[in-house]
Protein chains: 2
Amino acid sequence: MRKNDFVKELGYLGFTMRLKRISDAMMHEGRRLYSHLDVDIEPNWYVIFKLLKSRGAMSVTEISESIMMAHPSVITITNKMMDAGYLISEKDENDSRKRVLDLSVRASKKLPEYEKIWEAGESGVEKALEGLNALEFISILEDKFFSKGFMQRTIEQLKIKKSC
Amino acid sequence: MRKNDFVKELGYLGFTMRLKRISDAMMHEGRRLYSHLDVDIEPNWYVIFKLLKSRGAMSVTEISESIMMAHPSVITITNKMMDAGYLISEKDENDSRKRVLDLSVRASKKLPEYEKIWEAGESGVEKALEGLNALEFISILEDKFFSKGFMQRTIEQLKIKKSC
DNA sequence: TATATTTGTGTAGTTAACTACATATATGCT
DNA sequence: AGCATATATGTAGTTAACTACACAAATATA
């Protein structure tokens, strides 16, 4: 099935695209999984559930920084979670710009059920990646590409080539 | 900067999200790069340019299969490339359902310039990933997750846990 | 104290992928 | 030959992320 994968032929040029294909595919699978299990949550909610459970109530910006996601994305996700009754939101006592989010009672009730699914998902990934040092690998990728971006690296290479 | 990354704390549970963050970031960087260099092409066009240059004219479905992308995505991308004057499209002689796409003269003229950029991008990635066997790693990821999806793996784990 | 800057949140608009469905043509079978 | 199925393309609607901008409130500075 993957015999004629042209992207693979492109070597490092295809690296980013292959990364994207895998992560897109896994995201879709996550969505299908929840629907299959008849669970009315969405793929990225787990990280908010886990974060608020672990750290307690947090503001939008604090969440955004903790998971390294742009704040409008956090607002979109958490609004949906509020609509679904999993989060409560109130103004910060000391700083009226801030909105503080926390898990609702409903969330606490449902969490044990969801955590079973997440544990199973984690075990599945862990099994699949057994012996690969995948977490180490991804940490290195992050270090490389978040410290100096793809754009910067390319520009440097263009300069080197020009000067030859 | 990455000290307080909660997703990293989640172990294998955060793996997919970290993959997505990196590939999203690289895609954005790619877009910024083209804009910085004042080049009017988009991040994923390179794979179509490369494919048609290497294989010659192809139909929508053939392209879709070669790069493992859903055909509506291919239509969207190639339509934009046509609008920009890089592709030509004509009906297949033998099969009037098919539409065959090929590089335009303009594309051939511009390709050398673009290929310099892609080479530099590739060198940048290659340098960053030096000694990591990144291509091998990603091939293994593909084998694991395209043969048996994340969903399937999770369901299996759920069953194992239940039976304990 | 008044103004300037920074910070927190919200909104609008963009992008790239997907699935599901619609339609036309080709192919296979009886 | 005629009908059923398969294939190729196209369209519509969904999703999740992003940047850029707007505005209010807090903080810093003159």
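Chain letters run A, B, ... following the sequence lines, proteins first and then strands; every chain starts at 1.
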*Asks:* Identify the pairs formed between an N or O of the protein and an N or O of nucleotides 9-11 of chain C at a distance under 3.5 Å, and give each distance.
*Replies:*
residue, atom, partner, partner atom, Å
dT9(C), OP1, R99(A), N, 2.8
dT9(C), OP1, R99(A), O, 3.4
dT9(C), OP2, T61(A), N, 2.7
dT9(C), OP2, T61(A), OG1, 2.5
dG10(C), OP1, R99(A), NE, 2.6
dG10(C), OP2, R99(A), NE, 3.2
dG10(C), OP2, R99(A), NH2, 2.8
dG10(C), N7, H71(A), NE2, 2.9
dG10(C), O6, H71(A), NE2, 3.2

*Asks:* Quick check: closest heavy atoms across W45(B) and K80(B), and the distance to 0.1 Å?
*Replies:* CZ2-CB, 3.7 Å
*Asks:* Rounded off to whole Å, could you give me the CE-to-P distance for the M81(A) and dA16(D) pair?
*Replies:* 12 Å
*Asks:* Could you tell me whether E29(B) and R32(B) make a salt bridge, using a distance below 4.0 angstrom between a side-chain N and a carboxylate O?
*Replies:* yes
*Asks:* Tell me the interatomic distance from M26(B), atom CE, to dA16(C), atom P, rounded to whole angstroms.
*Replies:* 17 Å
*Asks:* Between E62(A) and R55(A), does any side-chain N to carboxylate O distance fall below 4.0 Å?
*Replies:* no
*Asks:* Rounded to whole Å, please give me the gap between CE in M27(A) and C1' in dT19(C).
*Replies:* 15 Å
*Asks:* Pick the nucleotide of DNA chain C nearest each of E65(A) and M17(A); which residue has the one closer to the 5' end?
*Replies:* E65(A)
*Asks:* Rounded to the nearest Å, what distance is computed from the CD1 atom of residue I48(B) to the P atom of nucleotide dA16(C)?
*Replies:* 12 Å
*Asks:* Within the structure provided, determine whether I77(B) and I63(B) are in side-chain contact (heavy-atom separation under 4.5 Å).
*Replies:* no
*Asks:* Side-chain donor-acceptor pair under 3.5 Å between S23(A) and R21(B), yes or no?
*Replies:* no
*Asks:* Measure the distance from NE2 on H36(A) to C1' on dT19(C) and round it to the nearest whole Å.
*Replies:* 18 Å
*Asks:* I'd like a table of atom pairs between the protein and nucleotides 13-15 of chain D - only N or O on both sides, under 3.5 Å - with the distance next to each one.
*Replies:*
residue, atom, partner, partner atom, Å
dT15(D), O3', R31(A), NH2, 2.5

*Asks:* In this structure, how many angstroms lie between the P atom of dT19(D) and the CG atom of L33(B), rounded?
*Replies:* 16 Å
*Asks:* What about F6(A) and V100(B), same hydrophobic cluster or not, with Ile/Leu/Val/Met/Phe/Trp/Tyr joined at side-chain heavy-atom distances under 4.5 Å?
*Replies:* no
*Asks:* Please report the distance, rounded to the nearest Å, between CZ in R21(B) and P in dC18(D).
*Replies:* 10 Å
*Asks:* Can you name the nearest heavy-atom pair linking P43(A) to R31(A), along with the distance?
*Replies:* CD-NH2, 3.6 Å
*Asks:* In this structure, how many angstroms lie between the P atom of dT19(D) and the CE atom of M69(A), rounded?
*Replies:* 12 Å
*Asks:* Report yes if at least one side-chain N or O of S73(B) is closer than 4.0 Å to OP1 or OP2 of dC18(C); otherwise report no.
*Replies:* yes
*Asks:* At under 4.0 Å, does any side-chain N or O of S96(A) touch on OP1 or OP2 of dA26(D)?
*Replies:* yes
*Asks:* Any link between L101(B) and L103(B) through a network of hydrophobic side chains (Ile, Leu, Val, Met, Phe, Trp, Tyr) touching at under 4.5 Å?
*Replies:* yes
*Asks:* Would I140(B) end up clustered with I138(B) when hydrophobic side chains under 4.5 Å apart are linked, directly or stepwise?
*Replies:* yes
